[in-house]
Engineer: 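The structure follows.
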Amino acid sequence: TKAINNFIILLLFNVSTIREVIQEEALLMDHQDKLLWRIESLKAYSRIELQPQIKALLRKLDGLKQDTNDYALLKKQIHVIQQKKLTSLKSLTDVGSHLFMHTSIPDTSTIYVSIGLGFHVAFTLEEADTWISKKLESLNKLIRDNSYRVEQLTEELERVLTSEEMIAAAKLSMLDG
């Protein structure tokens, strides 16, 4: 009977140990599945959210910088007209698609400035200079704000990619162990 009891205890111990091993394997698989899910979630977040936001902001920044350059050039041209006291002007004007035409401006005392949404306003040179200065301040603020946002999103993307690498490394170490 003692041998039978020992055999039963050994059997029970092995069954208990087998159950523990099975439970540990199940937990390990659950943990691996969670890690895989987390990696895929991070990849999707970076691909669907962060990268498109960064690209859109960079395109917006390019447009803002181009607008800034255009207004700065116009401001410079206004100063040239004022300094040289030009009353009329002959110029090459881009009429679209980089097609230039000779133009004659008989009166330089008034200038039409695009203020956005397809609207143009007639300004005196002094009024245009003042308006363009304010517009440049506004554009520069937008450039700073958008540049800061790009930096934030880029840092977040780096954190996501680092997290993804760390989770992948943890998964590999679990598989090795």
Engineer: Heavy-atom distance under 4.5 Å between the side chains of V113 and H120, does that happen here?
Structural biologist: no

Engineer: Rounded to the nearest 0.5 Å, what separates atom CD1 in I111 from atom CD in E127?
Structural biologist: 11.5 Å

Engineer: Over all heavy atoms of both residues, which pair between L136 and A72 is shortest? Give the atoms and the distance, please.
Structural biologist: CD2-N, 4.0 Å

Engineer: Measure the spacing between CG of D67 and CG of L142 and express it to the nearest 0.5 Å.
Structural biologist: 10.0 Å

Engineer: Over all heavy atoms of both residues, which pair between L61 and I143 is shortest? Give the atoms and the distance, please.
Structural biologist: CD2-O, 3.6 Å

Engineer: Report the residues that fulfil side chain to side chain donor-acceptor pair (under 3.5 Å) with Y112, sequence neighbours left out, ordered by chain and then residue number.
Structural biologist: none

Engineer: Roughly how far apart are T154 OG1 and R159 CZ, rounded to 0.5 Å?
Structural biologist: 10.5 Å

Engineer: Calculate, to the nearest 0.5 Å, the distance between atoms CD1 and CZ belonging to I115 and F123 respectively.
Structural biologist: 6.5 Å

Engineer: Grab the two heavy atoms, one from D107 and one from S109, that are nearest each other, plus how far apart they are.
Structural biologist: OD1-OG, 2.7 Å

Engineer: Strictly distance-based, threshold 3.5 Å: is any side-chain N or O of T108 a donor or acceptor partner for the main-chain N or O of L86?
Structural biologist: yes

Engineer: Are the side chain of T103 and the backbone of S91 linked by a donor-acceptor contact shorter than 3.5 Å?
Structural biologist: yes

Engineer: Do V121 and L125 share a hydrophobic cluster (ILVMFWY, side-chain heavy atoms under 4.5 Å, transitive)?
Structural biologist: yes

Engineer: Under a 3.5 Å threshold, yes or no: a donor from one side chain and an acceptor from the other, between D70 and Q66?
Structural biologist: yes

Engineer: Residues two or more places apart in sequence or in another chain: which of them pass side chain to side chain donor-acceptor pair (under 3.5 Å) with S133?
Structural biologist: K75

Engineer: Strictly below 4.0 Å, N to O, side chains only: are K141 and D145 in salt-bridge contact?
Structural biologist: yes

Engineer: To check you understand the geometry: which heavy-atom pair defines the closest contact between P106 and S88, and what is its length?
Structural biologist: O-CB, 3.5 Å

Engineer: Using the test side chain to side chain donor-acceptor pair (under 3.5 Å), find all partners of H79 that sit at least two apart in sequence or belong to another chain.
Structural biologist: D129

Engineer: Nearest heavy-atom pair of P52 and R47: which atoms, and what distance?
Structural biologist: CD-O, 3.1 Å

Engineer: Using salt bridge (charged side-chain N to carboxylate O under 4.0 Å, His left out) as the criterion, list what pairs up with K65, not counting sequence neighbours.
Structural biologist: none

Engineer: Verify the cluster assignment for F119 and W131: are they in a single hydrophobic cluster under the rule of side-chain heavy atoms below 4.5 Å apart?
Structural biologist: yes

Engineer: Roughly how far, to the nearest 0.5 Å, is CG of L57 from CD of Q152?
Structural biologist: 10.0 Å

Engineer: Identify the residue among D62, L58, L64 that makes a side-chain contact (heavy atoms from CB on, under 4.5 Å) with K60.
Structural biologist: L64

Engineer: What distance separates Q82 CD from T124 OG1, expressed to the nearest 0.5 Å?
Structural biologist: 8.5 Å

Engineer: Mind checking who shares a hydrophobic cluster with V95, ILVMFWY linked at side-chain heavy-atom distances under 4.5 Å?
Structural biologist: L99, M101

Engineer: Specify the closest pair of heavy atoms between I132 and Y71, including all atoms of both residues, with the distance to one decimal.
Structural biologist: CG2-O, 3.5 Å

Engineer: Quick one: list whatever passes side chain to side chain donor-acceptor pair (under 3.5 Å) with E151, sequence neighbours left out.
Structural biologist: none

